[in-house]
Amino acid sequence: MHEIKLTQNLVSILDREVASDEIGMVKVVHLEVGKLRYIVPEIMQTAFRHVPKHEKLTEAKLEIEVITGGEFTLKGIEW
Amino acid sequence: MAFKVIKEDILSENDGVASEVRASLAQEKTFMINLISSPGAGKTSFLEVIGPKLKEEGISFVIVTGDCFTSRDAERLDALDLPVVQINTGNACHIDAQLVASALEDVDLEGMDLVIVENVGNLVCPAEFDVGEDVKIAILSTTEGDDKPIKYPLLILESALAIINKTDLLEYVDYDMDFSVENIRKINQTIKVIKTSCKTGEGIDAFLSWIKDKIKIKKIT
């Protein structure tokens, strides 16, 4: 269930990042998630589809790399 | 395709608010604990036991209690005349820094020794969210199985103290205390472990002595 809240946090960072004119429609959002975060990537994808977000993010997919440890980092965006 | 490297911690917004809470508590030298357990491990029962004892000791404190929908915990604590602020988290499975910051807006922290955050019963999400506390405390209990530390290592890793509650029920349940403590220590070498029973009072004095030391240290730093 925490995926929804975490996705909202992610989107608030992304909304800020994509506001710049140089960034177009985002295709991929790259994330690194530590195993200790107990995040289920499929639930996060679903949450990301449904949370309100900037129009440049509406077609974006999350690319989630699961790593060891407790990191939870937005690595970058592709457009 | 163009790429922009961002590298930002996704919890940075929460962590920023947590830092503000921590700074305002530091100003008043108020110690804050974040109590985390599964539902039914005994967080509220533990507070019902230690609350009156903290009062007897002259320690000023407030309990910020989180509950998804009801005010049952707050009512139990209020019945003992303990100072309590209720947070309803609705669908959220944890308390975050903003909720604590808002709750503390109504609290006069001047001269306050201790803030106790009673988190929502859950071993996963509350472990992730810094709310500005000095320490997280994991409350485990003998009725929920001795494998919880290895199943939920982040909480153990993040906590300064693990309380193993309901020791009065040990003779009725298949709880291997040595196995549990061994796993706690494997995950976190510096964590302190206190075994308690809210029924018999076992370990309550040990906890009070631990918390009094922490409050004292916060006052002089």
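Below, read A as the first sequence line, B as the second, and so on, with proteins coming before strands; counting in each chain starts at 1. Just so it is clear, the values below take in all heavy atoms, side chains as well, and ignore hydrogens, waters and symmetry mates.
With hydrogens and angles left out, the side-chain atoms of B:E128 and A:H2 include a donor and acceptor closer than 3.5 Å. The closest side-chain donor-acceptor pair between B:N14 and B:D130, if any, does not fall under 3.5 angstrom.
Of all the listed residues (A:N9, A:V28, A:V33), the one sharing the greatest number of non-hydrogen pairs under 4.5 Å with chain B is A:N9. Ranked by heavy-atom pairs under 4.5 Å with chain B, the first of A:L31, A:L6, A:V26 is A:L6. Options B:H94, B:K7, B:K4 differ in how many heavy-atom pairs under 4.5 Å they form with chain A, and the most are formed by B:K4. Contact count versus chain A (heavy atoms, under 4.5 Å) is highest, among B:V124, B:L154, B:I10, B:D96, for B:I10.
Looking at B:K43, B:E144, B:K148, B:E118 one by one, the single match for side chain to side chain donor-acceptor pair (under 3.5 Å) with B:S37 turns out to be B:K43.
Ion pairing between a basic and an acidic side chain is recognised when a charged N comes within 4.0 Å of a carboxylate O; B:K218 and B:D134 show such pairing.
Only the side chain of B:F129 comes within less than 4.5 Å of a heavy atom in chain A; its backbone stays farther off. Interface remark: A:I13 contributes side-chain atoms only to the contact with chain B (heavy atom separation under 4.5 Å).
With sequence neighbours left out, the side-chain contact (heavy atoms from CB on, under 4.5 Å) criterion links B:Q86 to B:T65, B:D67, B:S71, B:A74, B:N88.
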